[in-house]
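This is a predicted model, so every value here is computed, not measured.
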Amino acid sequence: QVQLVESGGGLVQAGGSLRLSCVASGRTISSSSMGWFRQAPGKEREFLTRITWNGNTYYADSVKGRFTISRDNAKNTVYLQMNSLKPEDTAVYFCAADDSGHDYDYWGQGTQVTVSS
């Protein structure tokens with residue numbers, strides 16, 4: 001099985017930046033597409049961005065120009081660089097792996113991001 005562990009969340013002022021990391025264990029993610037999602041209290045899970053096995057990226061309109069997804073297959077890790085953060089970005093952020101090419105098969109437990117002021 002694959003386990004995903006997110007880290008890098010925390011408290012930041014509006015306009016600030018954070019970089020989230022997602023480390024996979026159990027097997028390599030080099031052939032997997034990876035995605036980032038978020039969920040605020042009382043809200044539905046929201047798709048943010050995806051990076052394919054060969055490096056193509058896709059972004060939701062809400063984060064285009066502010067968030068950047070990247071991967072380091074040698075470290076079995078995917079990153080989410082978040083800039084120009086807004087209070088409405090406050091949520092639990094999840095990473096996920098897509099091994100099948102159709103669905104996200106594995107999910108992390110999430111890391112809290114809180115944007116103040």
Decide yes or no on side-chain contact (heavy atoms from CB on, under 4.5 Å) for Tyr104 and Phe94, but give the supporting numbers first.
CA-CA 12 Å; Tyr104 288 98; Phe94 300 89; over 6 Å; no
Quick one: side-chain contact (heavy atoms from CB on, under 4.5 Å) partners of [X], sequence neighbours excluded?
X	answer
Ser25	Gln3
Ser116	Leu11, Gln13
Gln81	Ser17, Arg19, Thr68, Asn83

Other members of the hydrophobic cluster containing Tyr58, with the 4.5 Å side-chain heavy-atom rule, please.
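Traced through the cluster, Tyr58 reaches no other member.
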Share the residues that join Ile51 in a hydrophobic cluster, the rule being Ile, Leu, Val, Met, Phe, Trp or Tyr side chains under 4.5 Å apart at the heavy-atom level.
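ILVMFWY cluster around Ile51 also holds Val2, Leu4, Val12, Leu18, Leu20, Ile29, Met34, Trp36, Leu48, Tyr59, Val63, Phe67, Ile69, Val78, Leu80, Met82, Leu85, Tyr93, Tyr106, Val113, Val115.
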Under the salt bridge (charged side-chain N to carboxylate O under 4.0 Å, His left out) rule, collect the residues that match up with [X], sequence neighbours excluded.
X	answer
Asp105	none
Asp98	Arg50
Lys64	Asp61
Arg27	Asp99

Side chain of Asn76, backbone of Ala24: donor and acceptor closer than 3.5 Å?
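Present.
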Does Gln39 reach the main-chain N or O of Ala91 with its side chain, forming a donor-acceptor pair under 3.5 Å?
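Checking the backbone N and O of Ala91 against the side chain of Gln39, no donor-acceptor pair under 3.5 Å is found.
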Atom pair OG (Ser33) and CH2 (Trp53), whose distance is rounded to the nearest 0.5 Å
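Atom-to-atom, Ser33:OG and Trp53:CH2 are 9.5 Å apart.
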Can you pull out every disulfide bond (SG atoms under 2.5 Å apart) where at least one residue sits in residues 46-75? Sequence neighbours excluded, please.
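For residues 46-75: none.
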Please collect all disulfide bond (SG atoms under 2.5 Å apart) contacts where either partner lies in residues 53-117, sequence neighbours excluded, each pair once.
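Passing the test, one end in residues 53-117: Cys22-Cys95.
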Any salt bridge (Lys or Arg N to Asp or Glu O under 4.0 Å) involving residues 73-88? Give me the pairs, sequence neighbours left out, ordered by first then second residue.
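Residue pairs with at least one partner in residues 73-88: there are none.
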Closest contact, heavy atoms only, Pro87 versus Ser117:
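It is CG-C, 4.2 Å.
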Determine the minimum heavy-atom distance between Ser62 and Arg38, stating which atoms define it.
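Of all heavy-atom pairs spanning Ser62 and Arg38, the closest is OG-NH2, 4.1 Å.
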